[in-house]
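Following: one structure in structure tokens, then a few remarks.
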Amino acid sequence: VLWTAVQFECLLCADDNRLSDEGETLAGHTVLNTLPRYILYDVNKPEGFNLRRDVFIRMASFIHHMNKVSDYHWILVLPPWHRLYHWRSSNLVQDRVPWSLFFNVDSIKNIVPVVELHEFFQMNGLRPLDAQVTLQDFNLKSFDQYPDFSDKWEIANCKGQIQKEFWNLNNLTFTKSLCISFQGISTLLADIVQELQPRTIIFDHAELALHNYYGGQEYWRIRKSMQFSNNLQEIAKEFMKKNLKQDYLCAHLRRRDFLYGHPSDVPSINNTAKQIIEKLSLMSNIKTIYIATDASKKEFEELNNYLQPHEVFKFEADEKTLNNFLDGGVAIIDQIICSQAKYFIGTSKSTFSFRIQEEREILGLPVETTFNSFCGDNIVKCTQPTKWRFVE
Ligand code: GFB
């Protein structure tokens, strides 16, 4: 593949700790081809794992676009997973986790030119990045003004604090730093790159850049490439082989901060159990229940009691699995198991549930077994998730 060849060339400049343009001489070698340029990004700190996966797709489409419109070859640097708010095991060090712990990065590389952060450092050394761009919203000037949804960006005064140290790395520095008010799709970022002409650039708050075409062909091509790592797939498979010998229903029950963030979407434990039992009564062939949840132990036990005499399973990581694959890996194991269930019911508005629905679409499971979510306690009209169908 093209970028592998180009990367190889860039290894010449790794010795030198600097990137160079076409024709420059580095350590006695003449670099004939244009060397790649790199785009790094980060996302608003409190955002969870599964929204971040979505932001990756937007940035991957941006990289595809850059490689169509620019004379240079652009590579996206995968932002390490770092101290996510929902990763609660305080005894584990969950800093700067590479994508390869969770994903099959080779599969992603077949579709998107990406490198892990440590690979970028091998190429770039300690050379400062040419630009740090902090994206921010436009100010709404007055209440009576019609909202303007047109795609636009402009260099502006910084509204909030800008990030000084990405992923706690004090050796990642920048030659210049600016704030840009931004509204639009991710490919609009290309205009910023065009203006600044950097060789290396980092965008912060990349979540502000929207999808070019959510649910389109390119979206699914990138999404499909984000396969989970073989190790995690193996652990899930073993668990299923041992425990889930018959057809099972998976319920994803999002609680904790969702109880405050989306109170009307999360049913009480008792009502959750009622909704699961009601579903099962309509499907005579399913008797087993798998629960994926971030609920506390006490809440899970309460749910389990309400669900008796059904057979109820939940994945509990042993110490070794948790140490090796961290909270993020355990969450993915839950997602893999739910993606293969005979029937899935998730939590409304949870991106954790959305990603399971996508996985099931990729697997080609019947649509009516996938796009289902729990109804909140006092909801008059309980809307079900939009059916985002896989397109090839
Ligand atoms: O993934 P996520 O963005 O989904 O964040 P939402 C939820 C995190 O909680 C997951 C843990 O990444 C896991 O770490 N978690 C949730 C679970 N459900 C499960 C589960 O079934 N099993 C396991 N093992 N872990 C949004 C957040 O969460 O909720 C926003 O992204 C904000 O930052 C909002 O907090 C209220 O879309 O559900």
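Whatever order the structure lists ligands and atoms in, that order sets their numbers, starting from 1.
In this structure, Lys279 fails the cation-pi test against Tyr343, since its NZ or CZ atom is not both closer than 6.0 Å to the six-membered ring centre and inside 45 degrees of the ring normal.
Ring planes of Tyr248 and Tyr290: perpendicular class, angle over 60° (limits at 30 and 60°). Relative orientation of the Trp74 and Tyr72 rings is perpendicular, given thresholds of 30° and 60° on the angle between their planes.
Partners of Asn212 under the side chain to side chain contact (heavy atoms under 4.5 Å, CB included) rule, at least two apart in sequence or in another chain, are Ser61, Ile185, Ser186, Thr187, Glu218.
Protein residues having a heavy atom under 4.0 Å from any atom of ligand 1 are Pro46, Glu47, Gly48, Phe49, Asn50, Leu51, His86, Trp87, His252, Arg254, Asp257, Phe258, Ala292, Thr293, Asp294, Ala331, Asp334, Ser350, Thr351, Phe352, listed by chain and number.
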Kindly indicate, with the supporting measurements, whether the criterion side-chain contact (heavy atoms from CB on, under 4.5 Å) is fulfilled by Arg52 and Trp81. CA-CA 9 Å; Arg52 286 164 189 266; Trp81 307 97; 3.6 Å; yes
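A salt bridge does not link Arg255 to Glu302: none of the charged nitrogens lies less than 4.0 Å from a carboxylate oxygen.
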